[in-house]
Amino acid sequence: MPIEPATARRLLSEMLGTALLLATVVGSGVMAESLSGGNQAIALLCNALATGCILVVLITLFAPVSGAHFNPVVTLAFLMRGEVTPGRAIAYVLVQISGAVLGVLLAHAMFDLPLIQASDHVRSGVGLWMSEGAATFGLVLVVLGGVSVAPNAVPWLVGLYITAAYWFTASTSFANPVVTIARAMTNTFSGIAPASVAGFILAQIVGAMLATALARPLFRTDT
């Protein structure tokens with residue numbers, strides 16, 4: 001069955017946006033580490049600023065097309081609210097995964113790195129899992145609250161939140177399952193060991209579901 005043009009545009013938007021997001025996360029991490037002279041704080045600052053900036057750009061550009069989710073837990077939140085269908089949610093997650101992988105491969109190619117890698121950067125433990133739950137809770141709350149009270153400001157709200165969350169969370173705020181999966185495929189500054197992925201994703205899903213449950217009574221529009 002052929003895909004309707006509107007659906008194709010949405011799926012292409014989600015794939016391209018997620019690919020550019022991951023290319024930025026990984027590429028800016030490589031560049032920051034190579035130029036920071038071993039100063040991890042400077043490298044993290046550069047990585048955070050690049051990620052926050054690209055989120056503002058991507059959400060502004062693609063939100064009118066697909067909603068600019070670029071994140072399965074954001075898609076899950078809108079599914080729980082009945083604002084996307086299960087079929088669209090599944091399709092979004094599949095293209096988000098594909099886009100994330102393509103973004104990592106693009107970053108590797110741009111910096112002449114081996115295209116296929118596995119990270120050895122272990123990120124595990126209660127503190128990091130709690131950080132991912134908190135980071136994702138905040139992100140989904142910002143998205144849903146922003147859509148309710150200041151829809152035109154959502155790109156800036158998300159970009160600024162993620163920039164801040166890089167610094168106030170012990171995990172540096174992945175807050176996105178496909179970002180987590182894709183970052184397991186790069187043994188660079190932004191990588192995460194494959195064995196650490198499951199704990200991060202579980203914490204992200206829990207945080208997103210809690211935020212979605214809270215957002216409905218918190219951001220009521222009928223008062």
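- Each of Val126 and Leu202 belongs to its own hydrophobic cluster when Ile, Leu, Val, Met, Phe, Trp and Tyr are linked at side-chain heavy-atom distances under 4.5 angstrom.
- Annotation for Glu14 and Thr18: closest pair O-OG1, 2.6 Å, computed over non-hydrogen atoms.
- In this structure Tyr161 satisfies the side-chain hydrogen bond (donor to acceptor under 3.5 Å, both in side chains) test with no other residue, sequence neighbours excluded.
- In terms of the side-chain hydrogen bond (donor to acceptor under 3.5 Å, both in side chains) criterion, residue partners of Thr75 (sequence neighbours excluded) are, by chain and number, His69, Gln96.
- Note that CE of Met31 is 10.0 Å distant from SG of Cys46, once rounded to the nearest 0.5 Å.
- Relative to the six-membered ring of Phe200, Arg123 misses at least one condition, a distance below 6.0 Å or an angle of at most 45° to the axis.
- The two residues Ala135 and Thr169 come nearest to each other via the heavy atoms CB-CG2, 4.0 Å.
- Crowding of Arg81 atom CZ: a count of heavy atoms from other residues, nucleotides or ligands under 6.0 Å exceeding 12.
- Other members of the hydrophobic cluster containing Met15, listed by chain and number, are Leu11, Tyr92, Val95, Leu102; membership follows side-chain contacts under 4.5 Å among ILVMFWY residues, whether direct or relayed.
- Cluster partners of Ile97, using a side-chain heavy-atom cutoff of under 4.5 Å among ILVMFWY residues and allowing indirect links, are Val93, Val178.
- The hydrophobic cluster containing Ile90 also includes Leu94, under a criterion of side-chain heavy atoms closer than 4.5 Å among ILVMFWY residues, counted directly or through chains of members.
- Within 6.0 Å of CE on Met209 lie no more than 12 heavy atoms contributed by other residues, nucleotides or ligands.
- Remark: Thr212 engages no residue in a side-chain hydrogen bond (donor to acceptor under 3.5 Å, both in side chains) (not counting sequence neighbours).
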